[in-house]
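Quick caveat, the model's predicted, so the values are computed rather than measured. Every number for a ligand or one of its atoms is a count from 1 in the order of the listing.
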Amino acid sequence: MIKRLTLFALLLYCFSANAQTKYSPTADNLAARENFQDMKFGMFIHWGIYSQLGAGEWVMHDKNIPYNNYKRLADFFNPQAFNAKEWVAFAKRAGMKYITITSRHHDGFSMFATKFSPYNIVDATPYHKDPLMELAQECQKEGIELHFYYSLLDWGRPDYNFGSPIVNGKPVNGDWDSYIKFMKDQLTELITKYPAVKGIWFDGEWERHSVNWHFDEIYGLIHKLNPAIMIGNNHHLAPIDGEDFQMFEKDLPGNNTTGFNNEQSIGALPLETCETINGSWGFNINDRNYKSVKQIIHYLVNAASRNANFLLNIGPMPNGKIQPEFTDTLTAVGAWMQKNGQSIYGTRGNIIPAQQWGVVTGKSKTLYVHILDMPEQPYIFLPLFKGKIEKVRAFADGSSIKYKQVPEGVFVYTNNLKTDPNDTIIQITTD
Ligand code: FHN
């Protein structure tokens, strides 16, 4: 009898598992994915009450600040100099097409007006305004996409119960159902109230790999509210059902210098890689490890050649201003994009593997060869290239360049080429 019951339970399980419908993206979502890949360059923003301590967004955790003491930061968070117009104009000037901003980080503080937690910028600070609404409205006006970073991990809420052991998919002593409901309520607010929101960027799953995050319900809800929303999750794993893009942290797809991407293979979804302009995500007054204009251009070009967007982070200051080191660098990157954006926006990658001299991006019948490190010999070689070439020109001035096609690929001669210290671009038109 017991055997029969077990068999029946097994059959029932298999049946219900099969009956679960797999996510199938709508036409609008597929269009959003194409558009996402076309944008190529986005601005990541980590900004919260932690910015006031000038030591990054993990300061509460890193400096062992008790949650109740940390919460006092809200009492004097008053970013009077925040100006959504300036931020959006700055992102545009840098050549960025979308903004991904922290709506709630691991400290649990909501940077938006929410009915579901009093610990939010409108109710808990003297600022009493919702900067994310101003940003959303400005993004919509200026044609910039807005994505919200949303932390799954919460260091302070009793229902999350940070540090608790996990038993049967739930934290012991927490109230997991209440926490899941809370997140769904907040996500509903973010998706239904804020204009221009086009994506949700989850983070913090890695803190509890063994818990049941109810992603089927959470992703299902988001796509029900707006099927075109792009969902990504920084779980450092291969994408799971319901996600619309795959992200990599501080590494180009396929690399694993951080150790985050041990279990992460590259899937078929649109890709994004994020990195920060210095060494910190949130404002860090002591971090002067600024990336140069050249480093940022190289990151962007390398990401595009591997078919990935580049989401570059800045941590604004607590008053809402962006420090001049960041604005100067990104204004120069924007000037470069103004001239050379055609070789990045709307392109796709994985045309040939990365070479010692650089990489290739492409759009329909045009290839853009990015020489990032000019070789000593007067030519570069593009392996595997089999298409019929119509013309090879310098992108900067259109002058013709000599080439020789062989069965193994093509030699492009660089001796008379005017070089660019950031990236010498050659345009190959194929038939
Ligand atoms: O812990 C966070 C960190 O603060 C930051 O938000 C980055 C951005 O990719 N993600 C987490 C670390 O994986």
Side-chain angles (χ1 to χ4, degrees), residues 41-65 67 70 73 96 98-112 132 147-157 160 162-163 183 190 199-209 211 213 230-240 243 245-253 255-264 270-287 289 291 296 299-300 303 308-316 318 326:
F41 196 22
M43 180 175 280
F44 205 2
I45 301 179
H46 277 67
W47 193 49
I49 55 174
Y50 46 77
S51 308
Q52 295 177 103
L53 298 181
E57 75 291 352
W58 273 68
V59 59
M60 172 185 149
H61 188 272
D62 292 349
K63 299 232 154 97
N64 285 322
I65 305 174
Y67 184 58
Y70 178 87
L73 287 172
M96 289 152 163
Y98 65 109
I99 292 177
T100 303
I101 186 166
T102 45
S103 62
R104 178 171 150 269
H105 206 266
H106 310 332
D107 64 355
F109 185 78
S110 300
M111 287 292 285
F112 61 102
L132 298 199
H147 295 209
F148 287 132
Y149 171 108
Y150 191 82
S151 177
L152 296 157
L153 151 64
D154 191 303
W155 288 324
R157 285 181 65 95
Y160 185 93
F162 179 66
M183 291 199 293
L190 288 170
I200 300 291
W201 206 103
F202 286 108
D203 199 2
E205 184 275 353
W206 35 263
E207 203 266 322
R208 284 183 170 173
H209 267 328
V211 91
W213 285 104
M230 299 280 294
I231 297 178
N233 194 330
N234 190 31
H235 43 45
H236 307 146
L237 302 167
I240 62 170
E243 293 170 2
F245 69 103
Q246 181 178 7
M247 55 181 78
F248 297 82
E249 181 172 343
K250 291 176 91 64
D251 255 322
L252 292 168
N255 292 356
N256 188 13
T257 59
T258 52
F260 288 146
N261 307 320
N262 280 333
E263 299 167 55
Q264 193 169 20
L271 308 176
E272 181 191 70
T273 178
C274 64
E275 182 44 291
T276 187
I277 194 162
N278 49 4
S280 317
W281 301 100
F283 175 60
N284 188 326
I285 202 155
N286 220 12
D287 184 347
N289 198 9
K291 292 187 180 57
I296 292 170
Y299 214 114
L300 174 61
N309 286 9
F310 182 37
L311 183 66
L312 177 63
N313 181 77
I314 55 156
F326 301 170

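- When the salt bridge (charged side-chain N to carboxylate O under 4.0 Å, His left out) test is applied to E275, the partners found at least two apart in sequence or on another chain are K250, K291.
- Side-chain contact between F202 and E243 is absent, with no heavy atoms from C-beta onward closer than 4.5 Å.
- The distance from ligand 1 to the heavy atoms of Y149 drops below 4.0 Å at these ligand atoms: 6 (O).
- Here R208 pairs with nothing under the salt bridge (charged side-chain N to carboxylate O under 4.0 Å, His left out) rule; sequence neighbours left out.
- Closest to atom 12 (C) of ligand 1, if we only count protein heavy atoms, is E249 OE2, 3.3 Å.
- Note on ligand 1: M247 sits outside its first shell, no heavy atom being nearer than 4.0 Å.
- Under the 6.0 Å cut-off for aromatic ring centres, F44 and W201 qualify, their centroids lying closer than that.
- The heavy atom nearest to atom 4 (O) of ligand 1, out of those in H46, H106, E57, H235, is found in E57.
- Close approach of ligand 1 to N234 (heavy-atom distance below 4.0 Å) involves ligand atoms 9 (O), 10 (N), 13 (O).
- Here is the list of ligand 1 atoms found below 4.0 Å of a heavy atom in W206: 1 (O), 11 (C), 12 (C), 13 (O).
- In this structure, Y299 and L312 have side chains that are not in contact, with every pair of non-hydrogen atoms separated by 4.5 Å or more.
- Close approach of ligand 1 to H105 (heavy-atom distance below 4.0 Å) involves ligand atoms 3 (C), 4 (O), 5 (C), 6 (O).
- Annotation: side chain of Y50 is not in contact with side chain of M60 (no heavy-atom distance under 4.5 Å).
- Within the 4.0 Å heavy-atom criterion, neither part of Y50 lies near ligand 1.
- Scanning all protein heavy atoms for the shortest distance to atom 10 (N) of ligand 1 gives D203 OD2, 2.6 Å.
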